[in-house]
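To start, the structure itself, in structure tokens.
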Amino acid sequence: MTEKNIRNFKMVVEYDGSAYRGWQRQKNGVSIQQVLEEAIKKITGQKVSVIGSGRTDAGVHALNQVASFRCATKLPLNNIFRGMNSVLPEDIVVKEMEEVPYEFHAQRDVKSKIYVYKICNQKLRPALGRNYSWFVRFDLDLPKMRQAAKYLTGKHDFSCFCATGTDVQDRVRTIMNIKIKNEGEGNIEIIVEAKGFLKYMVRNIIGTLVEVGRGKRQPEDMKKIIASRDRKIAGATAPAHGLFLQEVKY
């Protein structure tokens, strides 16, 4: 197989991560990557490796995950696109598909990624939508949370928000923007944009911001937490089901 007859495909994928062990293939459960690769093999008859823009953890959702794969199939693009959606489970859908230059790489070419975390902030737990937001019954002080978030923007060593046991040595990341939006009726969205993220980084940031919102920490404590580089100093990890990969920029 030569480069000349290999085609490169870019996909935009939406998925409900509730039933999966995350994006990456796992030995102890089914992953999004595995399901996509199996669907492509059913349609093209070829085994491929699907590359995602990044990994999402178990239980995390995606509105617009970007992935790419190379394949020597001669099937028309639309046949692959329609065929995949016909065999994929109901909780995964390929929203868009296009052929891209051979050099395109879904992970290496990323300029930034945007995650949105959804919080349901009301006194009574919701029956509907409970799998897609974190229910927090305590009143949250959004101005204080926004003040705390300002300390997070820019380039920092985010070891304090990295999952324990992670063997990544370089933990310096750049957060471009954090927005905390009140969508009304108790619905809060926290939007975080960065070039890259550490494992559990967004969820650990959210957990810490919620503690500020509850008055358990002061906004200026965020500066001390970052400087400590100690995971034990930061707040609890927010639940996975409130987190969505919203957009990937190239």
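- Closest non-hydrogen pair, R7 versus T73, comes out as NH1-O, 2.7 Å.
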For this session: Starting from the C-alpha separation in whole Å, work towards a yes-or-no answer on side chain to side chain contact (heavy atoms under 4.5 Å, CB included) for Y20 and D91.
Result: CA-CA 10 Å; Y20 300 94; D91 51 8; 2.7 Å; yes

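- Stacking of K10 on the aromatic ring of Y250 is recorded, both the 6.0 Å distance cut-off and the 45° axial limit being met.
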Name each donor-acceptor pair under 3.5 Å that joins a side chain in residues 218-226 to protein atoms two or more places apart or in another chain, with its distance.
| unit_1 | atom_1 | unit_2 | atom_2 | d |
| --- | --- | --- | --- | --- |
| D221 | OD2 | Q218 | N | 2.9 |

For this session: Would you please test S31 and Q26 for side chain to side chain donor-acceptor pair (under 3.5 Å) and show each step?
Result: CA-CA 6 Å; S31 71; Q26 303 286 336; over 6 Å; no

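- Aromatic ring centres of Y115 and F197: separated by under 6.0 Å.
- Residues satisfying the ring pair (Phe, Tyr, Trp, His ring centres under 6.0 Å) criterion with Y132, sequence neighbours excluded, are H61.
- In this structure, the side chains of V110 and K249 stay at 4.5 Å or more apart for every pair of heavy atoms.
- Annotation: side chain of C71 is in contact with side chain of F9 (closest heavy-atom distance under 4.5 Å).
- Between the CZ atom in F104 and the CD atom in Q107 there is a gap of 11.0 Å [rounded to 0.5 Å].
- The pair R21-D57 fails the salt-bridge criterion, with no side-chain N (NZ, NE, NH1 or NH2) lying under 4.0 Å from an Asp/Glu carboxylate O.
- Here the side chains of N8 and P101 are not in contact, with every heavy-atom distance at 4.5 Å or above.
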For this session: Determine, stepwise, if the pair R55 / Q24 fulfils side chain to side chain donor-acceptor pair (under 3.5 Å).
Result: CA-CA 6 Å; R55 305 172 187 176; Q24 191 177 29; 3.2 Å; yes

For this session: Take D139 and R214 through the test salt bridge (Lys or Arg N to Asp or Glu O under 4.0 Å) and record every step on the way to the result.
Result: CA-CA 7 Å; D139 290 335; R214 291 181 58 186; over 6 Å; no

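- Using a 4.5 Å heavy-atom cutoff, the side chains of K181 and L142 are not in contact.
- Contact check for L88 versus L36: side-chain heavy atoms found under the 4.5 Å cut-off.
- Between R203 and P239 the shortest heavy-atom distance is NE-C, 3.9 Å.
- A donor atom on one side chain and an acceptor atom on the other are not found under 3.5 Å apart for R25 and S49.
- Summarising the geometry, atom OH belonging to Y15 is positioned 8.5 Å from atom CD1 belonging to I92; distances are rounded to the nearest 0.5 Å.
- The two residues A58 and A240 have their closest heavy-atom pair at O-CB, 3.3 Å.
- By the rule that hydrophobic residues join a cluster once side-chain heavy atoms approach within less than 4.5 Å of another member, M97 and V13 end up as members of one cluster.
- At a threshold of 4.0 Å, the pair E183-K118 does not count as salt-bridged, since none of the basic side-chain nitrogens sits closer than that to a carboxylate oxygen.
- Counting heavy atoms from C-beta on, the side chains of M201 and R173 come closer than 4.5 Å.
- Between N204 and F161, the shortest heavy-atom contact is ND2-O, 2.8 Å.
- Heavy-atom contacts from other residues, nucleotides or ligands closer than 6.0 Å to CG of N28 number more than 12.
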Problem set entry | Test log, rule side chain to side chain contact (heavy atoms under 4.5 Å, CB included), inputs K42 and M84 | CA-CA 8 Å; K42 281 182 183 178; M84 283 189 67; over 6 Å; no

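- Between the OG1 atom in T166 and the CD atom in Q169 there is a gap of 10.5 Å [rounded to 0.5 Å].
- A distance of 5.0 Å separates OG of S228 from CD1 of I233, quoted to the nearest 0.5 Å.
- Note on V87: it clusters hydrophobically with I32, by side-chain heavy-atom contacts below 4.5 Å among ILVMFWY residues.
- Nearest approach of E37 to V50, heavy atoms of both residues: OE2-N, 2.9 Å.
- A distance of 5.0 Å separates CH2 in W23 from CD in Q65, rounded to the nearest 0.5 Å.
- Across every non-hydrogen atom of I175 and A194, the tightest pair is CA-CB, 4.0 Å.
- Side-chain N or O atoms of R70 include none that pairs as donor or acceptor with a backbone N or O of V48 at under 3.5 Å.
- Around atom CZ of R146, more than 12 heavy atoms belonging to other residues, nucleotides or ligands sit under 6.0 Å away.
- Note: the hydrophobic cluster containing L209 also contains I119 (ILVMFWY, side chain heavy atoms under 4.5 Å, direct or indirect links).
- For the side chain to side chain contact (heavy atoms under 4.5 Å, CB included) with I114, the qualifying choice from N177, I191, L245 is I191, the only one to do so.
- Classification of R171 and D157 as a salt-bridged pair fails, no side-chain N sitting under 4.0 Å from a carboxylate O.
- Placement of V12 and F69 in two distinct hydrophobic clusters is found when ILVMFWY residues are connected by side-chain heavy-atom separations under 4.5 Å, directly or transitively.
- One N or O on the side chain of D109 and one on the backbone of H105 form a donor-acceptor pair closer than 3.5 Å.
- Of the residues listed (E96, K95, K113), the one engaging N64 in a side-chain hydrogen bond (donor to acceptor under 3.5 Å, both in side chains) is K95, and it is the only one.
- Hydrophobic clustering (ILVMFWY, side-chain heavy atoms < 4.5 Å, transitive): V212 and I178 are in distinct clusters.
- Residues M145 and L140 have side chains in contact (heavy-atom distance under 4.5 Å, counting atoms from C-beta outward).
- In this structure, R217 and T208 have side chains that are in contact, with non-hydrogen atoms separated by less than 4.5 Å.
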Exercise. Could you go step by step and tell me if I51 and S68 meet the side chain to side chain contact (heavy atoms under 4.5 Å, CB included) rule?
Worked result: CA-CA 5 Å; I51 299 163; S68 61; 4.1 Å; yes

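- Surrounding NZ of K41 are at most 12 heavy atoms belonging to other residues, nucleotides or ligands under 6.0 Å away.
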For this session: I would like to know whether C160 and R231 meet side chain to side chain contact (heavy atoms under 4.5 Å, CB included); could you show each step before the answer?
Result: CA-CA 4 Å; C160 58; R231 175 67 192 97; 5.8 Å; no

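- Ring geometry for H156 versus F158: interplanar angle over 60°, hence perpendicular rather than tilted (30 to 60°).
- Here the CD atom belonging to Q147 is positioned 11.0 Å from the CD1 atom belonging to I180, to the nearest 0.5 angstrom.
- A cation-pi geometry, defined here as NZ or CZ lying under 6.0 Å from the six-membered ring centre and within 45° of its normal, does not hold between R125 and F135.
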